[in-house]
Every structure is written in C-alpha cells, then in structure tokens.
Amino acid sequence: MDWNAVFALVGFLGACFAAATTGALFKPGAWYDRLDRPSWLPPDWLFPVAWSVLYVMIAVAAWLVWRADGFGPPLWLWWLQLALNAAWSVLFFGIRRLGLAFAEAVALWASILGCILAFAPVSPAAAWLMVPYLAWVSFACVLNWSMWRRNPGPHPVITAAEIKAPQRRIAR
C-alpha cells in the first residue's frame, strides 16, 4: 500500500471539507427563508447531500491529477476553485450580497471549467469527475441570479448571534 497516496487523498478530502465549513458557519436561517425564492428551488435537504458527493469527487479528481503530475499548474487551478467555492457562502449567507455572490459564482464556474481543461490531458478521469460539479455550479449560478433579481437588497449582514444560534427554519 502506498501510504503517501493514502495521505494525499485524505489531505485532498480534508481540504474539500474544510472549504465546506463556510457553508456550516454561514447558514441560510430566517433571513434566507424570508427571501422571494423561485418555485424551482430544490428542497433544503438536497444541498448537503449533493455537496457531500461533489466534494468527494472534487477531492478524488485532484488526487488523480496529483498522482499523475504532482503539484503543478492544474492543481493551482484546483486550489483557486476551492477558495472560490469556500468564499461563496460568506458572500451570499454571511455578508448577504447576492449580486457579489453571483459574480463570484461565475468566477467559480470559470475556474471549474479551467480545471476540467487542465485536468483532461493529465487525467481524463479527473476531468470527468469535475463535470458534475460544473453542472451543479451552472445550476447554482442560475439560482443565485434569480434570487438576486428577486431580492435586490440591501440585506443585513449576519451577526455573531446568528452564527451561534441553532438553525430554525420557517416553512415555505
């Protein structure tokens, strides 16, 4: 067993789930429940399920590229998309700037596409593992845009009390 490869995979998984912590810190909450949302918004339970699967795929994609090519430019793009991924929850749910979050989501989309293009010659499997992520972020961009247009703001910034408070959901 190649322990370096195992540790690298665990590292990539850890990086992905560290990025996911912004989603746990900056939750939708009551503010989000009061927004005018499109009827085609998926149910709340789908988001953590989808993101958990996607984060595993994103980590495995990076691991495959690392095994084939080391820490070169394709993985620099991977780190960029991961940072953009982590920032979105802060922008949308934290500082509640839906337009800025949309612009950032478009940058995230472009960085994912860049990863796919950079991964393809190194590891076609890694490139394909990123395609569902691109599809999900494409949908998220449309959803973010719709919510921004429906709720132009300004919106109050999240408070420390909201971060610490247990999440209470208002029925739609």
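Bear in mind the structure is a predicted one, so any value in this text is a computation, not a measurement. Reckoned from all heavy atoms, side chains included, excluding hydrogens, waters and symmetry mates. Throughout, residue positions are numbered sequentially from 1 according to the sequence presented.
Side-chain atoms of Trp109 do not come within 3.5 Å of backbone N or O of Cys141 as any donor-acceptor pair. Distance alone, capped at 3.5 Å, is enough to place a donor-acceptor pair between the Asn151 side chain and the Asp36 backbone. At least one donor-acceptor pair closer than 3.5 Å links the side chain of Ser123 to the backbone N or O of Ala126. Side chain of Asn144 to main chain of Leu98: a donor-acceptor pair is present (N/O by atom type, distance under 3.5 Å, no hydrogens or angles). A donor-acceptor contact shorter than 3.5 Å is absent between the side chain of Ser146 and the backbone of Val142.
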For Arg150 and Arg37: C-alpha separation, side-chain torsions, deciding distance, then whether side-chain contact (heavy atoms from CB on, under 4.5 Å) applies. CA-CA 7 Å; Arg150 292 166 173 263; Arg37 295 175 287 175; 5.9 Å; no
If you apply the rule side-chain contact (heavy atoms from CB on, under 4.5 Å), what do you find for Leu129 with Ile58, and how did you get there? CA-CA 7 Å; Leu129 282 168; Ile58 294 164; over 6 Å; no
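With rounding to the nearest 0.5 angstrom, the CG atom of Leu77 is 7.5 Å from the OG atom of Ser111. Here the straight-line distance linking atom OG of Ser138 with atom CD1 of Ile112 works out to 7.5 Å at 0.5 Å rounding. The CZ atom of Phe93 sits 5.5 Å away from atom OH of Tyr32, with the distance rounded to the nearest 0.5 Å. Going from atom CG of Leu134 over to atom CG of Leu54 covers 11.0 Å, rounded to the nearest 0.5 Å. Here the OG1 atom belonging to Thr22 is positioned 13.5 Å from the CZ atom belonging to Phe92, to the nearest 0.5 angstrom. Atoms CG and CG, on Leu35 and Leu41 in that order, are 10.0 Å from each other to the nearest 0.5 Å.
In this structure, Met57 and Met130 have side chains that are not in contact, with every pair of non-hydrogen atoms separated by 4.5 Å or more. By the 4.5 Å heavy-atom criterion applied to side chains, Leu13 and Trp63 are not counted as neighbours. Proximity of Leu100 to Ile95: side-chain heavy atoms (C-beta onward) are separated by under 4.5 Å at one or more points.
Ring-plane geometry between Trp79 and Phe12 is classed as tilted, the angle between the planes lying from 30 to 60 degrees on a 0 to 90 degree scale.
Under a cut-off of 6.0 angstrom, the local environment of CH2 in Trp145 is sparse, with at most 12 non-hydrogen atoms contributed by other residues, nucleotides or ligands.
Proximity of the aromatic rings of Phe119 and Trp78 is defined here by a centroid distance below 6.0 angstrom, and this criterion is not met. A distance of 6.0 Å or more separates the ring centres of Phe26 and Trp88.
Remark: Arg149 is not positioned above the aromatic ring of Phe102, lacking an NZ or CZ atom under 6.0 angstrom from the ring centre and at most 45 degrees off the axis.
When the side chains of ILVMFWY residues are joined at heavy-atom separations under 4.5 Å, either directly or via intervening members, Trp76 and Leu108 end up in two distinct hydrophobic clusters.
For the pair Ala125 and Leu64, the tightest heavy-atom approach, listed with the atom from each and the gap, is CB-CD1, 4.1 Å.
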